[in-house]
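Nothing fancy with the numbering, it's 1 onward along the sequence.
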Amino acid sequence: MYKKRALIVGVTGIVGLNVAEHLAEQGGWEINGISRRPPLGASYVNTIALDVLDREKTVQSLAHIEPTHVFYCTWTRGADEDENIRLNGAMLGNVLDAFQGKGCVEHVAVVTGTKHYLGPFEHYAKSTPVTPFREDQPRLPHKNFYYALEDIVMAAAAERGFGWSVHRSHTIIGYAVGNLMNIGATLATHASICKATGQPFFFPGHPAAYLGLNDITDARLLARQIVWASTEPNARNEAYNAANGDVFRWSRLWNVIADYFGIEAAPYPDRQVKLEDQMKNSGPAWDGLVAQHGLQPNKLGMLASPWHTDLDLGRPMECVNSMEKSRRFGFLDYQDTDRSFIDVFDRLRRERVIP
């Protein structure tokens with residue numbers, strides 16, 4: 001019997017899938033994963049098909065497992081932040097309550113994000129926070145479901161005696177298909193369409209994002225940090241920023257991405273030209289590429305999330321995270337951001353997701 005038994009909530013997502021892959025590479029883990037659909041090509045995961053919003057079904061479906069480590073890597077979007085708090089709080093609470101009284105859980109890791117510092121969607125980037133973001137900055141005076149998740153896991157940990165960690169990622173770049181927040185697949189499909197149609201490859205963000213300093217989070221690095229904090233006793237009961245550890249300007253990185261796809265980066269128009277507008281009529285062009293190149297039969301809406309990329313790139317400020325705390329506690333991993341994008345594009349090509 002495995003001494004370490006993982007439960008990954010959201011195992012098909014961009015974070016959960018990378019956590020599963022990292023645990024499989026480490027060895028010694030029983031890996032259980034919750035998702036609404038089974039992960040493709042991940043036979044090492046014991047998949048539990050489940051909607052964790054259903055409390056009764058969650059308790060019943062998880063009765064047969066006793067995880068030592070819970071990796072909470074999912075979220076859902078409601079109509080406003082009140083609904084986000086209600087829905088996401090219920091999901092996390094339902095999962096934790098499924099193991100109440102069992103005494104099996106040693107650690108719960110919860111993934112949140114940079115909206116901890118920028119505010120929820122309706123207040124997004126309307127404040128002027130001091131950068132680089134640090135974990136000890138006070139909470140903003142707005143409702144935020146990330147705050148609610150932190151409060152839920154800390155309260156449950158105090159009551160039930162397990163450790164916790166919170167991982168505040170920035171924009172996540174990584175391999176996943178069918179993910180709500182996937183800048184890698186979004187830009188890859190858009191660049192492929194631009195190459196095929198001759199559509200100009202405009203940077204779709206705010207001038208401050210184009211010219212200012214930014215960082216990003218490689219899903220592989222995030223997975224390693226999550227597992228590290230969950231298994232290193234000195235790292236428990238802390239919140240950590242999770243970013244690659246370098247900084248970049250989109251004005252340069254946009255050319256790196258264009259070069260990968262063999263296209264020219266269009267001159268920046270000095271204003272935001274939203275990607276959602278650029279891609280709104282791209283479905284037929286994408287279907288043509290799928291047929292022409294024999295790609296996986298994914299509709300564009302399954303791969304691209306231009307609305308979220310617009311939020312990420314539309315910030316009217318520099319946006320960087322301090323990794324000092326994570327390093328001080330012993331997590332020293334670093335990831336080159338150029339390689340983050342190139343590695344994702346390479347894998348999307350190997351898997352025949354993009355041409």
Side-chain angles (χ1 to χ4, degrees), residues 1-11 13 15-16 19-20 22-23 26 28-35 45-46 48 50-76 84-113 116 135 139 144-169 222-223 225-240 242 325-326 329-331:
M1 181 167 177
Y2 291 101
K3 292 184 178 179
K4 294 183 292 186
R5 302 178 299 278
L7 175 65
I8 303 170
V9 186
V11 73
V15 180
V19 170
H22 180 54
L23 294 177
Q26 273 197 343
W29 286 85
E30 175 187 282
I31 307 173
N32 302 286
I34 294 174
S35 65
V45 177
N46 304 316
I48 304 165
L50 177 62
D51 180 355
V52 293
L53 267 173
D54 187 328
R55 180 181 178 80
E56 183 177 352
K57 185 73 176 295
T58 298
V59 172
Q60 291 175 351
S61 298
L62 300 180
H64 68 290
I65 64 171
E66 294 188 351
T68 56
H69 295 73
V70 176
F71 303 104
Y72 190 82
C73 308
T74 192
W75 76 293
T76 191
N84 285 336
I85 291 169
R86 181 182 65 81
L87 294 174
N88 290 280
M91 289 163 61
L92 176 58
N94 291 344
V95 171
L96 297 181
D97 287 351
F99 308 110
Q100 188 171 13
K102 287 189 175 183
C104 57
V105 176
E106 300 173 8
H107 191 98
V108 176
V110 176
V111 178
T112 63
H116 184 98
E135 294 90 340
R139 291 180 174 182
N144 192 322
F145 84 86
Y146 285 168
Y147 303 162
L149 294 182
E150 288 192 0
D151 292 343
I152 289 168
V153 73
M154 286 189 287
E159 176 188 341
R160 304 172 197 177
F162 57 76
W164 59 271
S165 58
V166 171
H167 304 267
R168 299 172 184 165
S169 63
L222 176 57
Q225 189 199 59
I226 290 168
V227 175
W228 161 79
S230 301
T231 54
E232 170 54 56
N234 292 330
R236 63 190 279 151
N237 300 340
E238 298 286 348
Y240 298 102
K325 179 180 178 181
S326 188
F329 276 81
F331 183 75

Do the side chains of Ile226 and Val15 get nearer than 4.5 Å, heavy atoms only?
yes
Nearest 0.5 Å, what's the CG-CH2 distance between Asn234 and Trp228?
9.0 Å
Heavy-atom closest contact (Tyr240 atom, Ser326 atom, distance):
CD2-CA, 3.8 Å
Partner of Ser165 under side chain to side chain donor-acceptor pair (under 3.5 Å), picked from Glu238, Gln225, Glu232, His107, is His107
Basic-acidic side-chain contact under 4.0 Å: Arg236, Glu106:
no
Within the 4.5 Å heavy-atom criterion, are Thr74 and Met91 side-chain neighbours or not?
yes
Please examine the side chains of Leu7 and Val95, heavy atoms only from C-beta on, and report whether any two atoms are closer than 4.5 Å.
yes
Do Phe99 and Leu62 come close enough that some side-chain heavy atom pair is under 4.5 Å?
yes
Quick one: does Ile48's side chain get under 4.5 Å of Ile65's, heavy atoms only?
yes
Keeping to residues at least two apart or across chains, list the salt bridge (charged side-chain N to carboxylate O under 4.0 Å, His left out) pairs with something in residues 152-167.
Asp97-Arg160
What distance do Asp151 atom CG and Arg139 atom CZ have between them, rounded to the nearest 0.5 Å?
4.0 Å
Ring pair (Phe, Tyr, Trp, His ring centres under 6.0 Å) partner of His69, chosen from Trp29, Trp164, Phe162:
Trp29
Indicate the atoms forming the closest heavy-atom contact of Pro67 with Val70, along with that distance.
CG-CG2, 4.2 Å
Going by the side chain to side chain contact (heavy atoms under 4.5 Å, CB included) test, name the single residue among Thr68, Ile31, Val227 that passes it with Lys4.
Thr68
Specify the closest pair of heavy atoms between Val166 and Val153, including all atoms of both residues, with the distance to one decimal.
CG2-CG1, 4.4 Å
If you define the side chain from C-beta out and look only at heavy atoms, does anything of Leu50 sit under 4.5 Å from Lys57?
yes
Can you find a heavy atom in the side chain of His167 that is under 4.5 Å from one in the side chain of Leu222?
yes
Closest heavy-atom pair, Ala63 versus Lys102, reported as atoms and distance to 0.1 Å, is O-NZ, 2.9 Å
Looking at Val45, Asn32, Ile34, Leu23, which hits side chain to side chain contact (heavy atoms under 4.5 Å, CB included) with Ile8?
Leu23
Which class fits the ring pair Trp75 and Phe145: parallel under 30°, tilted 30 to 60°, perpendicular over 60°?
parallel
Min side-chain heavy-atom separation Asn88-Thr76 under 4.5 Å:
yes
What closest approach, in Å, do Gly16 and Cys73 show between heavy atoms, and which atom pair accounts for it?
N-CB, 3.8 Å
Minimum heavy-atom separation for Arg168 and Ala239, please, with both atom names.
NH2-CB, 3.7 Å
